[in-house]
Amino acid sequence: MLTSNEIRTKFLEFFKQRGHAVVPSSALVPEGDISVLFTTAGMQQFKPYYTNPGDAEKDFGGKNTVSVQKCVRTGDIDEVGDATHLTFFEMLGNFSFGGYGRKEAITYAHDFIKKELGLEISYVTFYKGEGVVPRDEESEKIWKELGVADIREDGKDVFWGPTGDSGPCGPTTEIYCKNATGQDVEIWNIVFNEYFAGSSREKLDKGEATLKKLDTLGIDTGMGLERLLATVQKKESVFDTDLFTEIFGKIDEFTQSKNDRARRILADHVRTAVFMISDGVVPGNGGRGYVLRRILRRAIRFADVLSIKHVALFHLANTVIEKYQDIYSLIRANKRMVLDEIEKEESKFRQTLEHGMKEFEKGTDPFILATTYGFPIELTVELAEEKGIKIDIDDFNTKMAEHQKLSQTASAGMFKGGLANHEPKTIKLHTAHHLLLAALQEVLGKEVKQRGSNITEERLRIDFAFDRKMTDEEKKRVEDIVNEKIREDLTVVRREMPRDEALKLGAEMEFGAKYPETVSVYFIEDKNGNAISKEFCGGPHVEHTGELGAFKLQKEEASSQGVRRIKAVLL
Ligand code: SER
């Protein structure tokens, strides 16, 4: 029986021998394509070569490439738990940018499936044509010549792409084989990239976009490793393949429950989280970080369903790391970070999970569950569904939108210079900025007030009212205090309150800024709840100062009359 490792190697070798350059998987965070959150297909890293095939020669020493690509697709997250759905998978693919056409692409796939894997092809499909795209008679003919008896024409389902909001796309031919339960499953998808769409697939389907014919026919094929393995290893589900053996073994150490759906969701989500974090995503409240957070929190909830009550994801993640670290070097390189992030998120969410569940049982508003107990809305919806209750999503969205507007207003007021972005590094510097202001007040006096600020991924800058140059000792003391507060791993908490109350508490506000009736205030507190910093601020911030690393003052200079400027970094 072929193992996952053997199939990866066999696939790369097969195409290498047929003139393909072996290209490593790109990261799950697509480079240079901001229109997609995650890499969802092997072709994504090759997108530019379909429009500029000449570049392939330069970059790969030839026109053909082959890869095993890490992919994340969360669109069907609700279906994870059945026999085929996963949020992370590996995609085997061969690509050509003018090197070959339909005949070779189809023959390679046919030979690999039949001769290398020993599988029978049940049937294949081809595109029946629509609009400017003609019926794919050539593919039909090639399959006939190869002796495949069941050849079916199909519509939109066999026209692929584009990914994101523009890109290459074209008709496909799909290959189906029988799985262990006798069902036909799609194994391989071969796309003939003959067109370029300047807008999304959605618009294309609505007839709102036009296709431009590409000068060169490109080949893009994709075969999901997990699904292929289940077929080759004659398993009923992707979870029964060797890729999951160790993970379920570990889950068995923690629970006797045989709740298959929960076990599968837990295994899938932990695996996805490991790959996301090793590619640089950290749990957060927006964008990729939020997708990751939702996945992790859902995993924790299902661990709970399995009666795994302690911090267990760390151990499961470790098992995933051991399974993949020889195949993906970033998994090995970032092992520490992956485990730390997962452990942090689990302990944090477990602190509120039990309370949140009690609140949920009481019928507490989903908005409160989200903002106070960290329950992503899908989680609440899912819990409600299990009880046959319906959640008012519109109401939730309205409240959330108001909540976010509030944060933004506060944030815009506080950071007129602007928080350049919400990258993890920028967020850390933002928290360091609060610590710095508090330290300046401790060393130079309470009257030190912020006059401006600007934070990028590289450094923070603060302008503050003070009428002379700081001495070296003062600078050193300020630096030491900030580093001490980082080492103490203080908690950062956000609270919403009426503006007057925040003023009464003496929260720092920027001179001249306008704040709304209700404001958001960030507190940095020690274990006893004593705040060493209170600022009007929309965030975002890290949750514990221990995440910041070493703080260093880089420069202290005059900014204008009576205003000093400090630039500082985190190492
Ligand atoms: N891009 C196609 C897919 O994702 C083939 O690789 O199915």
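We count ligands from 1, going down the list as the structure has it; atoms in each ligand are counted the same way. Side-chain atoms are counted along with the backbone in the values below, which use heavy atoms only and exclude waters and symmetry mates.
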Novice: Mark the output for Q44 as yes if a heavy-atom distance to ligand 1 is under 4.0 Å, and as no if none is.
Specialist: no
Novice: Just to check, does M223 reach to within less than 4.0 Å of ligand 1 when the distance is taken from its heavy atoms?
Specialist: no
Novice: Got a salt bridge between E120 and K178, using NZ or NE/NH1/NH2 to carboxylate O under 4.0 Å?
Specialist: no
Novice: Has N334 got a side-chain atom pairing as donor or acceptor with S278's backbone, closer than 3.5 angstrom?
Specialist: yes
Novice: Of all the non-hydrogen atoms in the protein, which one sits nearest to atom 6 (O) of ligand 1, and at what distance?
Specialist: D220 OD1, 2.7 Å
Novice: Evaluate the ring planes of F15 and Y108, with Trp represented by its six-membered ring, and classify them as parallel (under 30°), tilted (30 to 60°) or perpendicular (over 60°).
Specialist: perpendicular
Novice: Determine whether more than 12 heavy atoms belonging to other residues, nucleotides or ligands lie under 6.0 Å from atom CD of E386.
Specialist: yes
Novice: Residue-level breakdown please: for T40 versus ligand 1, do any non-hydrogen atoms fall below 4.0 Å on the side chain, on the backbone, on both, or on neither?
Specialist: neither
Novice: Kindly assign one of parallel, tilted or perpendicular to the pair F159 and Y127, based on the angle between their ring planes and the thresholds 30° and 60°.
Specialist: tilted
Novice: Considering only heavy atoms of A41, which atoms of ligand 1 have at least one such atom less than 4.0 Å away?
Specialist: 4 (O)
Novice: Need the ligand 1 atom indices (1-based, order shown) with element for anything under 4.0 Å from a heavy-atom of V191.
Specialist: 2 (C), 5 (C)
Novice: Going by the order shown, which atoms of ligand 1 are within less than 4.0 Å of some heavy atom of M43?
Specialist: 1 (N)
Novice: Under 4.0 Å from a heavy atom of G222: give me the atoms of ligand 1 that qualify, with their elements.
Specialist: 5 (C), 6 (O)
Novice: Among all protein heavy atoms in this structure, tell me which lies nearest to atom 3 (C) of ligand 1, with the distance rounded to 0.1 Å.
Specialist: W160 NE1, 3.3 Å
Novice: For S166, is there any backbone N or O sitting under 3.5 Å from a side-chain donor or acceptor partner on K47?
Specialist: yes
Novice: Could you tell me, atom by atom, which parts of ligand 1 come under 4.0 Å of a heavy atom of T221?
Specialist: 5 (C), 6 (O)
Novice: Measure the spacing between CD1 of I300 and CZ of R297 and express it to the nearest 0.5 Å.
Specialist: 7.0 Å
Novice: Show which atoms of ligand 1 fall inside a sub-4.0 Å distance from at least one heavy-atom site of R73.
Specialist: 4 (O)
Novice: With a 6.0 Å cut-off on ring centres, are F367 and F375 close enough?
Specialist: no
Novice: Among all protein heavy atoms in this structure, tell me which lies nearest to atom 7 (O) of ligand 1, with the distance rounded to 0.1 Å.
Specialist: N189 ND2, 3.0 Å
